[in-house]
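Beneath this line is the structure, given in structure tokens, with notes to follow.
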Amino acid sequence: MSMRPCWVEIHPRIFEDNFRFLSALAAPHAELLAIVKANAYGHGLELCAAAAERAGCGWLGVCSVEEGVAARAAAPSARVLVIGGAFPGQGEAVVRERLSVSAWEPWQLEELERAARAVGASAGSVGVHLEIDTGMSRQGVALELFDDEGAERLNGLLVHFGVGSPLRLEAVMTHLFASDEADGAQTESQLVRLDRALSRIESSGLGLWPEWLNVGQSAALVRGQAARIAGLAAGHGMRALMRPGLALYGLVPEFDPPFAGEEPPALIDARAHLRPVLSWKTRIASLREVPAGALIGYNGTFRAEHPMRLALIAAGYADGLRRQLGNRFSLLVGGQFAPLVGRISMDQSVIDVTAIPQAKIGDEVVLIGSQGENTISAVDHARACGTICWEIFTGIGSRVARLEV
Ligand SMILES: *Cc1c(COP(=O)(O)O)cnc(C)c1O
């Protein structure tokens, strides 16, 4: 069946190029785990997981056990990490699908251990990434547990990795909450706290030697922090694993506040090499001429000051074209910017093509991507909506077809 023309085009080869570039940027310090949560940031999990594998990526990161099951099907031999942790009753699926999982609550470790023992899983067969809360106050073992007073509670967690347990302390992880702040001060204090926590795990007397130190999203990687994180890891006999998301999809995070002087060379390099993986398109469904005085869209928020030529497009807020963009954003038709006029509807929107007389029914309209000399990026959408490009990508509706090109 032919489709309603509202689709995204995914370039798996660009994803592969981005992965290889980032991998080289991290080398020889860190390996990479490709974050493909939320349907690969809206890009399509299957396409991106396959592209990651082709590019030599050994690790995928997803939010949930449900996403882990989907990632396992798409990439049978990859190591798949569930960064959001398992929920009650999900241990069985973690074991069955050979997922690694982040954990920090005693009940999570109990759930995993019980599920693993129930199927007679062999010692150390379930990889756990113990998350430490080094300052974000979101998830992870509280830092107090690494003080003297917390020793008993910390050991209560660590005994789950004792000799003969089906759980293996595969990694220690933390999340940086300000890696896009140029001065790096918050990140540095998080890393210092992490260092202390690692020493504490080492001296627990349980003989735990986690292989990986799992730290650092796109911003940390593209600003060149692989060496710093690898240094910290090496001090504890560990290897560094970094976990970029956004940069794999071709966008460089914005640094706010920005760098005062020269940007780090890694960042300049990343800007030059990373390319967007996704374009978002629709087509003109219908054209009409309206006289001066005509009202356009719900509540007539736009009134034509002169005769206008309007194009109806098959994209609305249910597709992810944010409603705030009505009357304040333009899309591309025939390589030119055509303003969105009136309110965006759930399934449709109207653009002004008065200045683009060659526009005709069936013409391609670009929401994200390039046409002729002009480009609209997810960052442009985000700025116009007062949000971040992560939210724009993940807001592209599930009914929008993901097409490999
Ligand atoms: C989403 C996420 C990432 C990836 O972040 P980017 O900024 O997109 O690179 C890494 N780690 C965790 C824990 C995340 O939730």
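Because only heavy atoms are used, hydrogens play no part in the values below, and waters and symmetry mates are left out as well, while side chains stay in. All values derive from a computational prediction rather than experimental measurement. In listed order, ligands and their atoms are each counted from 1.
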Item to check | Residue P244 vicinity, atoms of ligand 1 by number, heavy atom under 4.0 Å | outcome: 9 (O)
Next on the checklist: Just to confirm my output: which protein heavy-atom neighbour is closest to atom 8 (O) of ligand 1, and how far is it?
Outcome noted: Y41 OH, 2.6 Å
Item to check | Charged N-O contact under 4.0 Å between R402 and E46 | outcome: no
Item to check | Protein contact of atom 9 (O) of ligand 1 - nearest heavy atom, named by residue and atom, plus distance | outcome: S218 OG, 2.5 Å
Checklist entry - Can the ring centres of F259 and F255 be said to be less than 6.0 Å apart? => result yes
Checklist entry - When you measure from atom 12 (C) of ligand 1 to every protein heavy atom, which one gives the shortest distance, and what is it? => result H175 CE1, 3.3 Å
Next on the checklist: Less than 6.0 angstrom separating the ring centers of Y249 and F393, yes or no?
Outcome noted: no
Next on the checklist: Before we go on, tell me: are the rings of W59 and H129 under 6.0 Å apart, centre to centre?
Outcome noted: yes
Next on the checklist: Counting only nitrogen or oxygen atoms and a 3.5 angstrom limit, does L246 reach ligand 1?
Outcome noted: yes
Item to check | Distance from atom 11 (N) of ligand 1 to nearest protein heavy atom, with residue and atom | outcome: R243 NE, 2.7 Å
Item to check | Numbering as shown, the atoms of ligand 1 that approach I83 to under 4.0 Å (heavy-atom distance) | outcome: 12 (C), 13 (C), 14 (C), 15 (O)
Checklist entry - Hey, are E113 and R117 close enough for a salt bridge, meaning a charged N less than 4.0 Å from a carboxylate O? => result yes
Checklist entry - Under 4.0 Å from any heavy atom of G245, which atoms of ligand 1 are there? => result 4 (C), 6 (P), 8 (O), 9 (O)
Next on the checklist: Using a 4.0 Å cut-off to any heavy atom of W390, which atoms of ligand 1 qualify?
Outcome noted: 6 (P), 7 (O), 8 (O)
Checklist entry - Is any NZ, NE, NH1 or NH2 atom of the basic residue among K281 and D363 found under 4.0 Å from an Asp or Glu carboxylate oxygen of the other? => result no
Next on the checklist: Does atom CD (Q358) have a neighbourhood of more than 12 heavy atoms from anything else shown, all under 6.0 Å?
Outcome noted: yes
Item to check | Heavy-atom nearest neighbour in the protein, as seen from atom 15 (O) of ligand 1, with distance rounded to 0.1 Å | outcome: K37 NZ, 2.6 Å
Next on the checklist: Regarding ligand 1, does I35 bring an N or O atom to under 3.5 Å of one of the ligand's N or O atoms?
Outcome noted: no
Next on the checklist: Does R54, at its CZ atom, have more than 12 non-hydrogen atoms belonging to other residues, nucleotides or ligands within less than 6.0 Å?
Outcome noted: yes
